Amino acid sequence: MKKRLIPLVLWALLGLGAWLCRSALRPERVAAWTPEQSWLAALLLLALYALKGLTAALPMTALAGAAGLLLPFPLALGTNLCGAAAAQAGPYLLGRRRQGALEELAARYPRLRRLNAEPAAGREVFLLRLAGVLPVELVSLWLGAAGTGYGAYFAGGLLGSFPRVLSATVLGAALWDLGGLRFWASCVFGWALTGAALALWGRKWAAA
């Protein structure tokens, strides 16, 4: 019961914070932010990314979109890439401390049985992140427990995450202009990426 309440409490607190700051989140106010305010917002988002790595309560796409909405694009993209690394690092390091506990993890999260119980190569990590069909934190935990090396994990993970991070950042920046070219281009790119991921992994899942 407590595990179910944690995501609800987090979302309620985030919603309350957004409501209290609603006057500062208007387009003209955001555009007038000083560099210090932008960096403070970036640090807050990085903290939320680190929290996301330990709970499924915070969708990564929502955080990436928020960065695109609130920050200049180069800073937003950099924040989101660093945030993706932070979100992937926490559960991976926890998994590294539980190497050999794959059966226990698979018992708790049956969907993980579809993954190999061997250390993953960079290409496999890249495809898992690119597909995005399993929660970030569960994949990270499994790969850590499977003994995947640091280089393969972080290099493959960030490269595979980049297209989705880029798409979500562009989408967030386009939210000030709903229905514009950038908005629809980012939506179509995200849909195409999801479709390609489903096509890539669909047969493997069906055979599992």
Side-chain angles (χ1 to χ4, degrees), residues 2-27 29-96 109 125 128-130 132-144 153-154 157-176 183 186-187 190 193-194:
K2 291 183 179 179
K3 290 184 178 181
R4 294 182 179 179
L5 286 176
I6 290 175
L8 295 177
V9 171
L10 286 173
W11 274 115
L13 290 175
L14 288 173
L16 177 62
W19 185 81
L20 292 174
C21 299
R22 63 192 185 281
S23 62
L25 297 179
R26 295 172 183 169
R29 295 291 296 275
V30 171
W33 278 10
T34 64
E36 289 78 9
Q37 287 174 304
S38 295
W39 280 107
L40 182 61
L43 290 175
L44 175 60
L45 285 168
L46 286 176
L48 292 175
Y49 268 110
L51 178 62
K52 189 273 176 292
L54 302 177
T55 173
L58 301 170
M60 187 173 290
T61 302
L63 293 176
L69 183 69
L70 299 174
L71 303 174
F73 186 79
L75 178 58
L77 184 58
T79 298
N80 285 335
L81 288 174
C82 291
Q88 294 172 16
Y92 169 75
L93 295 175
L94 290 175
R96 294 279 297 189
Y109 310 105
V125 179
L128 280 169
R129 295 303 188 196
L130 182 65
V133 292
L134 289 172
V136 169
E137 60 278 357
L138 293 186
V139 172
S140 301
L141 193 62
W142 180 272
L143 292 175
Y153 177 80
F154 285 106
L158 288 177
L159 285 173
S161 300
F162 180 76
R164 291 184 180 277
V165 168
L166 177 62
S167 176
T169 306
V170 173
L171 180 60
L175 289 178
W176 295 126
F183 175 81
S186 59
C187 286
L193 193 60
T194 299

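From a predicted model like this one, the values you see are computed outputs, not experimental measurements.
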ask   = If every non-hydrogen atom of Ser38 is compared with every non-hydrogen atom of Pro72, which pair is closest and at what distance?
value =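 That would be OG-CD, 4.2 Å.
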query = What's the shortest heavy-atom distance between Ser140 and Pro91, and which atoms?
reply =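 Minimum heavy-atom contact is CB-CG, 3.5 Å.
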ask   = What do the steps show when you test Val139 against Arg129 for side chain to side chain contact (heavy atoms under 4.5 Å, CB included), and what is the final call?
value = CA-CA 9 Å; Val139 172; Arg129 295 303 188 196; 3.8 Å; yes
message = Applying side-chain contact (heavy atoms from CB on, under 4.5 Å), can you list everything that pairs with Leu94, at least two apart in sequence or on another chain?
response =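 Once residues adjacent in sequence are excluded, the partners of Leu94 under the side-chain contact (heavy atoms from CB on, under 4.5 Å) criterion are Leu54, Leu141.
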inquiry  = The criterion is side-chain contact (heavy atoms from CB on, under 4.5 Å); which residues satisfy it with Ala66, sequence neighbours excluded?
reply    =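 In terms of side-chain contact (heavy atoms from CB on, under 4.5 Å), with neighbours along the sequence ignored, Ala66 is linked to Leu45.
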ask   = So Leu130 and Phe162, side chain to side chain contact (heavy atoms under 4.5 Å, CB included) or not? Walk me through it.
value = CA-CA 8 Å; Leu130 182 65; Phe162 180 76; over 6 Å; no
N/O donor-acceptor pair under 3.5 Å between Asn80 side chain and Ala64 backbone =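 Confirmed, Asn80 side chain pairs with Ala64 backbone.
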inquiry  = Run Val170 and Leu77 through side chain to side chain contact (heavy atoms under 4.5 Å, CB included) and show every step you take.
reply    = CA-CA 9 Å; Val170 173; Leu77 184 58; over 6 Å; no
Residue pair Arg164, Thr169: steps toward the side chain to side chain donor-acceptor pair (under 3.5 Å) verdict = CA-CA 8 Å; Arg164 291 184 180 277; Thr169 306; over 6 Å; no
request  = Answer yes or no: is there a side-chain heavy-atom contact under 4.5 Å between Val125 and Phe154?
outcome  =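 Contact flag for Val125/Phe154 side chains = no.
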request  = List in chain and number order the residues that pass ring-ring contact (aromatic ring centres under 6.0 Å, His included) with Tyr153, two or more places apart in sequence or in another chain; answer none if no residue qualifies.
outcome  =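 By the ring-ring contact (aromatic ring centres under 6.0 Å, His included) rule, Tyr153 matches Tyr92.
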request  = Check the pair Leu75, Thr79 against side chain to side chain contact (heavy atoms under 4.5 Å, CB included), reporting the backbone distance first and the verdict last.
outcome  = CA-CA 6 Å; Leu75 178 58; Thr79 298; 3.9 Å; yes
inquiry  = Let me confirm one number: the CG-CG distance from Leu70 to Leu44, rounded to the nearest 0.5 Å.
reply    =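 Nearest 0.5 Å value for the CG-CG distance: 9.5 Å.
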Can I get a per-line list of side-chain donor-acceptor pairs under 3.5 Å for residues 81-90, giving both atom names and the distance, sequence neighbours left out?
from: Gln88; atom 1: NE2; to: Ser161; atom 2: OG; distance (Å): 2.8

